[in-house]
Structure formats: C-alpha cells, structure tokens
Amino acid sequence: MALYELVDIGANLGHPSYEKDFDEVIDRAKQAGLSKIMVTGTSEKISQDCANLVEKYPGFLYFTAGVHPHDAKDWNDGTLDSLKALQENPKCVAVGECGLDFNRNFSPQDIQKQVFAKQVDLAVHLRKPLFIHEREAHADMVKILSDAGSLLPPAVIHCFTGTVEEAKKYLEMGLYIGLTGFLWKDRSDNGVQAGLRSGDIPIEKLVLETDAPYMYPKINDKKIPKEIKNLITPQTEALHKVPKFCDSLPNFSSFQFSSFNRNEPCSLAAICELIAAFSGRDPKEVARITTENAKKIYKLE
C-alpha cells in the first residue's frame with residue numbers, strides 16, 4: 001500500500017524512452033501513490049501527442065499545451081489558434097510549458113520573450129493556469145508576468161533551480177514553486193536545499209513533479225548527508241530502485257540524460273521524502289499539502 005497520495009504536475013511521458021513500457025510505467029506510478037499525472041506539452045506537435053496519449057487513462061492523466069522557449073523560434077501564424085484548440089480539451093489543464101531559457105538560448109532571447117508574452121496573454125484570456133520554465137532569465141520573467149498585473153492566473157515556476165532570493169520574489173508575486181529530483185544535487189549556499197532548510201521556500205507554496213525522464217533523484221548518492229538519507233523510508237527506497245532496469249531498454253543509450261537512469265513518475269515519493277527531510281516536516285504533511293495545491297491550481301477533480 002502506498003504511503004502517500006501524490007500528484008506529478010510535470011512528466012514528459014511522450015518521450016521515446018517510454019514507448020516500450022508505457023503501461024508498466026503507469027502501473028508503477030499508481031503503486032507509488034500517484035493519483036494524477038500531468039503530461040507536459042512543449043510544442044504544437046508534442047502538445048497534440050500529449051492530448052492523444054492521455055486518452056488511455058482518463059481521470060489519471062492530464063496534459064498541458066504550450067511552446068517551450070527552446071521551440072519559440074518555430075512559432076508561426078497558426079500556432080496560437082492551435083494552442084487555443086488544444087486548450088478547449090477538458091483534459092488540458094494549463095498553458096505551457098512556456099517561458100524563458102537564457103541558459104541554452106536554443107531560440108533567440110527576443111523571440112523567447114515575444115512567444116512567452118503571447119502565452120501569458122492566452123492564459124489570462126482563458127483564465128487557465130501557467131506552467132512556466134525559467135533558466136537564468138529571472139528579471140525578464142518577472143517583468144513579463146508583472147505586465148499581466150492582477151489578471152495573472154495561478155502559475156507555477158516548474159522545476160525550480162534558482163536562488164532563494166528568486167524564489168522569494170516569485171512567491172511574493174503569488175506564484176507556486178515546482179520541485180523535482182534536482183534537489184538531491186543542489187548544494188549551493190542559496191539554492192533549493194537552503195531555502196527548504198530556512199523556510200524561505202515554504203511547503204505551503206510547493207507542488208511536486210518528476211520532469212521524467214529527466215531529473216532522476218539519486219537518493220543513495222554518497223554526497224547526500226547521512227541524516228537526510230536516514231529519513232528515506234524503506235518502502236520508498238524499494239519503489240525507487242525500479243527505474244534502474246530501464247537503462248537496458250532497447251535504444252535507451254541513444255537518449256541524452258544527466259545520469260544513466262531514466263526517471264519515472266514513481267520516483268515522486270522519493271522527491272516528497274527528500275523535501276520533507278530538508279525542510280524538517282513530516283512527509284505525509286508534505287504529500288497532503290502539495291497534492292492539495294496541485295488539485296486546486298489545476299482544478300484536478
């Protein structure tokens with residue numbers, strides 16, 4: 001029996017590495033206590049693929065529709081209408097993944113800003129939540145979101161990897177913070193771990209996500225403090241070992257990952273317990289609060 005009820009607000013389940021065992025991935029997620037998963041749309045095509053993918057598991061899978069900053073250069077005259085049509089699907093619960101990425105700059109920064117602003121306007125018009133990507137673009141992100149003023153709908157800075165000061169600004173603006181398995185390797189003086197320890201990144205404003213197949217949380221890494229490792233339950237650790245078999249899937253080695261492990265939604269319990277350990281909270285409380293937040297933001301019935 002699962003220890004917690006959890007909602008994964010961001011999983012890239014349309015990724016090719018899931019083609020061979022998609023149903024098993026969903027089964028493991030359910031065993032780990034997940035009650036809902038949001039499948040992330042990052043372009044016109046991928047968003048449409050997500051719409052098709054979630055049909056197999058109604059009431060469990062939902063999706064987002066948007067254009068990622070990496071793909072902003074591909075925005076054309078028909079993109080906005082395409083996104084509007086996808087947003088009419090009741091299983092589409094957010095505008096995004098959209099935002100700014102000045103780290104990789106796969107699209108020119110001026111184009112990124114224009115495309116993001118258009119999607120913020122779309123979310124304002126539809127009164128739909130925003131699912132936001134931000135890397136090294138905090139000031140411009142704040143400006144574009146601030147331009148929406150009081151009309152800005154609920155918004156989540158997904159897969160947050162910034163500083164405590166940046167998190168505090170987003171929280172001041174009324175945004176929520178999405179945390180992933182990135183947490184295990186962040187050791188900066190003013191990063192996510194520090195914000196959880198100090199309470200500057202409060203549990204009450206968090207939602208959980210795996211960003212699968214990326215951001216695999218290495219809960220047994222030797223660099224994680226022993227007092228943190230000791231708070232990971234045996235049941236969660238056992239569930240978390242399952243994805244390791246996936247690196248032997250056909251063609252898996254052809255995909256680019258930051259580790260050799262494909263992440264899966266079933267790792268969300270490990271992320272929950274890591275957050276609880278760093279913040280000094282009960283993981284059941286973390287699960288309850290973040291699940292309530294996700295259901296409220298995205299109207300997940």
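- The pair R288-E292 counts as a salt bridge, with a side-chain nitrogen and a carboxylate oxygen less than 4.0 angstrom apart.
- Between D200 and K205 there is no salt bridge, since none of the side-chain N atoms of the basic residue sits less than 4.0 Å from a carboxylate O of the acidic one.
- Ring geometry, H133 versus H158: the interplanar angle falls from 30° to 60°, so the pair is classed tilted.
- In summary, the side chains of S35 and E5 do present a donor paired with an acceptor at a separation below 3.5 Å, with no hydrogens or angles considered.
- Using modelled atom types and a 3.5 Å distance limit, the side chains of D211 and N12 yield a donor-acceptor pair.
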K229 and D221: CA distance, side-chain angles, deciding distance, salt bridge (Lys or Arg N to Asp or Glu O under 4.0 Å) verdict: CA-CA 9 Å; K229 282 186 185 178; D221 191 85; over 6 Å; no

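- For the atom pair Q87 CD and F63 CZ, the distance stands at 7.0 Å (nearest 0.5 Å).
- Annotation: side chain of I132 is not in contact with side chain of V156 (no heavy-atom distance under 4.5 Å).
- Taking both residues in full, the closest heavy atoms of G181 and P217 are given as CA-CB, 3.7 Å, listed atom of the first, atom of the second, then distance.
- A tilted orientation is assigned to the rings of H70 and H68, their planes being inclined by 30° to 60°.
- Side-chain contact annotation: T210 with E264, donor-acceptor N/O pair under 3.5 Å absent.
- In this structure, a donor-acceptor pair under 3.5 Å is present between the side chains of E44 and S82.
- Ring geometry for H138 against Y170 counts as perpendicular: the plane angle is over 60°, on a 0 to 90° scale with 30° as the lower cut.
- The two residues Y298 and L130 come nearest to each other via the heavy atoms OH-O, 4.2 Å.
- Here the OG1-CG distance, from T291 to L34, works out to 8.5 Å after rounding to the nearest 0.5 Å.
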